[in-house]
Amino acid sequence: YLKGRGLSPEMEIGYNPSTGVRTSSGQYWGKLKQCITFPLKDQAGNITSLYGRRITESNGYNIEYGRHYYSENRKGLYPSYPSQDTQTLIITEAIIDAASLIQIAELKDTSILAAYGTNGLSTEHKRAITAWSNPSEINATKEKEIIFFFDGDQAGKEGAVKYAEELAGQGIKISIVATPQGEDINSLWLNYGKEAILQLIEERQPCEILATQITQGKPINKSFSSTEDFSIEEKGSVQTGHPPKVGRSALSQQLNTTT
């Protein structure tokens, strides 16, 4: 499953195969049965709870496949609290999207933080972001920036704008990536590789511009060429070696060079 999502099995990812596990401290992980699990951490880097994604069928049906679960009394952030020494913070819509970005070496000096869905920027998230945005003595002269990189659907656009507006006024720059329609970070990672993701980040726009476009009902999705900007070898060449989930011709029409 991890290889199919372009994620390295060597990352901090676990799997709970059983129907339920009760730990020595009395915690019950029944909700995380047959889930790959990701650790949620506190400010000190301690694992405080888990996020799970169901990857097997239930009773012969796939009704629960792909559903999201959390252990009891969810606390902590993924992959960690943002480092105050970084100048840029990318906020993704989902944990698997954040895990995809972690693997891009060019983003090693960028903090990455996963929201828990379009309505999942919690109080803990906001406290961590506020703490990160306060300038340290070393970087006090440099402007920090938050980049929202949510899914390319209506909910993702509106969620990014909503949270961008909520976080405005903290003395930091806030931008939004115009994710292609119907795509998310992980699908871009699988189908087009890191070059497409880095280009979309480079083409991010101030949140004020995208908020106005959404209000006026204008399309905001940026795009890139599948033939001019990237070679055929680069497309679908994520470490997995698996072919893209979406046909190249169909996706090429969706991601052309005009906006």
Using the side chain to side chain donor-acceptor pair (under 3.5 Å) rule, take Q34 and Y65 through it: C-alpha gap first, then chi angles, then the decisive distance, then the call.
CA-CA 10 Å; Q34 300 166 345; Y65 183 86; over 6 Å; no
Return yes if some donor-acceptor pair links the side-chain N/O of R54 with the main-chain N/O of K33 below 3.5 Å, else return no.
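Here the side-chain-to-backbone pair exists.
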Side-chain (K144) to main-chain (Q84) donor-acceptor, under 3.5 angstrom:
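Answer holds: yes.
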Q103 and S8: side-chain contact (heavy atoms from CB on, under 4.5 Å), yes or no, with the steps?
CA-CA 8 Å; Q103 299 179 106; S8 170; 3.5 Å; yes
When you measure from the centre of the six-membered ring of W189, is the NZ or CZ of K194 closer than 6.0 Å and no more than 45° off the axis?
no
Geometric cation-pi criterion, R53 with Y69: 6.0 Å, 45°
no
Using 0.5 Å steps for rounding, measure from the [atom1] atom of [X] to the [atom2] atom of [Y].
X: L32; Y: Y70; atom1: CG; atom2: OH; value: 11.0 Å
X: S80; Y: D42; atom1: OG; atom2: CG; value: 10.5 Å
X: I201; Y: T179; atom1: CD1; atom2: OG1; value: 9.5 Å
X: Y78; Y: I95; atom1: OH; atom2: CD1; value: 7.5 Å
X: I146; Y: I91; atom1: CD1; atom2: CD1; value: 5.0 Å
X: D153; Y: F150; atom1: CG; atom2: CZ; value: 11.0 Å

ring-ring contact (aromatic ring centres under 6.0 Å, His included) assessment of H125 paired with Y163
CA-CA 11 Å; H125 282 97; Y163 286 126; 8.7 Å; no
When you look at D97 and S100, which way does the side chain to side chain donor-acceptor pair (under 3.5 Å) test go after all the steps?
CA-CA 5 Å; D97 291 330; S100 302; 5.1 Å; no
To check you understand the geometry: which heavy-atom pair defines the closest contact between [X] and [Y], and what is its length?
X: F149; Y: V177; answer: CE2-CG1, 3.6 Å
X: L200; Y: L188; answer: CD1-CD1, 3.6 Å
X: P82; Y: L89; answer: CB-CD1, 3.9 Å
X: P39; Y: E12; answer: CD-O, 3.1 Å
X: T118; Y: A155; answer: CG2-O, 3.5 Å
X: I172; Y: E143; answer: C-OE2, 4.4 Å

Do [X] and [Y] touch side chain to side chain, with heavy atoms closer than 4.5 Å?
X: T37; Y: Y15; value: no
X: K162; Y: N119; value: yes
X: K157; Y: V161; value: no
X: L113; Y: L77; value: yes
X: Y116; Y: R74; value: yes
X: I102; Y: P79; value: yes

Name the one of E195, E202, E203 that satisfies side-chain hydrogen bond (donor to acceptor under 3.5 Å, both in side chains) with Q199?
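That would be E203.
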K75 atom NZ, neighbour heavy-atom count above 12 within 6.0 Å
no
Should we say atom CD of E166 is surrounded by more than 12 heavy atoms from elsewhere, each under 6.0 Å from it?
yes
With side-chain contact (heavy atoms from CB on, under 4.5 Å) as the criterion, how do E93 and D184 come out once you've worked through the C-alpha distance, each side chain's angles and the decisive distance to 0.1 Å?
CA-CA 9 Å; E93 183 174 324; D184 57 32; over 6 Å; no
Less than 3.5 Å apart, any donor N or O on the side chain of [X] or [Y] sitting next to an acceptor on the other?
X: E183; Y: S187; value: yes
X: Q154; Y: E158; value: yes
X: S83; Y: W132; value: no

Could you walk me through whether I47 and L40 pass the side-chain contact (heavy atoms from CB on, under 4.5 Å) test, one step at a time?
CA-CA 6 Å; I47 297 175; L40 308 184; over 6 Å; no
Should the pair Y51 and F38 be assigned to parallel (<30°), tilted (30 to 60°) or perpendicular (>60°) ring geometry?
tilted
Using a strict 4.0 Å threshold on nitrogen-to-oxygen distance, state whether R204 and E145 make a salt bridge.
yes
Quick one: do D109 and T86 satisfy side-chain contact (heavy atoms from CB on, under 4.5 Å)? Show the steps, please.
CA-CA 6 Å; D109 295 324; T86 56; 5.5 Å; no
